[in-house]
Amino acid sequence: MMSMQRKSFGQMVCPIARSLERVGEWWSILILRDALHGLTRFDQFQRSLGIAPNILTRRLDALVEAGLLERRRYSERPPRYEYFLTARGRDFRPVVVALFAWGNKHFAPEGASVLLVNTKTGDAVDPILVDRATGRPIKEPEYAFAAGPAASERTRRKYASANRATVPGKQDSITADGKRTARKRTAK
């Protein structure tokens, strides 16, 4: 029987593809969810997820290698480890919150089994993604993806043609600090 080899997204320039290379396997996302809830030990993750030990070991190793978790030994004999979120792992929290909200909205016909609540009031909250600079919700057509400072010419063309309908006449690019700069047109 022929096995399919998994495609690696690690060298692609797309930030979504690069992110999926690190967390695109569903167990990884669920392990990170549990780590964000304070779980640190192998047996805790295994009990929470009902995951086979060999798969859990591979996923934890991959998350450590990707810099999302840090492994710390807490027992010498037998050797046992705890897994703590790194800054990179903690930065995954908004992704988990977004998946949670999307899942509750579209895939919970029986109603929400888990709520996100304000810890001071106990009120359920409905998370949205906002622009840090303005505080405005990020929604179309006011916001669109654009080529960044490290974009290839192919990526620039892709986003320039995609954004013509929503951003007429703009041939700008975005600098590393988020500022817009006009691109010079070259004669053909």
Are [Y] and [X] connected into the same hydrophobic cluster when the rule is that any two of I, L, V, M, F, W, Y join if their side-chain heavy atoms are below 4.5 Å apart?
{"X": "Trp26", "Y": "Leu60", "value": "yes"}
{"X": "Leu36", "Y": "Leu116", "value": "no"}
{"X": "Ile55", "Y": "Val64", "value": "yes"}
{"X": "Leu115", "Y": "Leu99", "value": "no"}
{"X": "Leu63", "Y": "Tyr81", "value": "yes"}

Side-chain touch [X]/[Y], heavy atoms, less than 4.5 angstrom:
{"X": "Arg59", "Y": "Phe45", "value": "no"}
{"X": "Leu32", "Y": "Leu85", "value": "yes"}
{"X": "Trp27", "Y": "Arg58", "value": "no"}
{"X": "Leu30", "Y": "Ile51", "value": "no"}
{"X": "Val96", "Y": "His37", "value": "no"}
{"X": "Glu153", "Y": "Arg157", "value": "yes"}

Specify the closest pair of heavy atoms between [X] and [Y], including all atoms of both residues, with the distance to one decimal.
{"X": "Glu76", "Y": "Arg73", "answer": "OE1-NH1, 3.0 Å"}
{"X": "Thr40", "Y": "Phe84", "answer": "CG2-CE2, 3.7 Å"}
{"X": "Leu69", "Y": "Ala35", "answer": "CD2-CB, 4.2 Å"}
{"X": "Gln46", "Y": "Pro53", "answer": "NE2-CG, 3.1 Å"}

* Rounded to the nearest 0.5 Å, what's the gap from CZ on Phe92 to CG on Leu68? Could you check? => 8.0 Å
* To do: Output the distance between atom CD1 (Ile31) and atom CG (Leu39), rounded to the nearest 0.5 Å.
  => 10.5 Å
* **side chain to side chain contact (heavy atoms under 4.5 Å, CB included) evaluation trace for Leu49 with Arg33** => CA-CA 11 Å; Leu49 299 170; Arg33 175 205 63 190; 3.4 Å; yes
* Asked: Is the charged tip of Arg80 near the ring of Phe42: under 6.0 Å from the six-membered ring centre and within 45° of its axis?
  -> no
* Are there more than 12 heavy atoms of other residues, nucleotides or ligands under 6.0 Å from atom CZ of Arg71? ->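 More than 12 within 6.0 Å, yes.
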* **Side-chain donor or acceptor of Asn104 paired with backbone N/O of Val114 under 3.5 Å** => yes
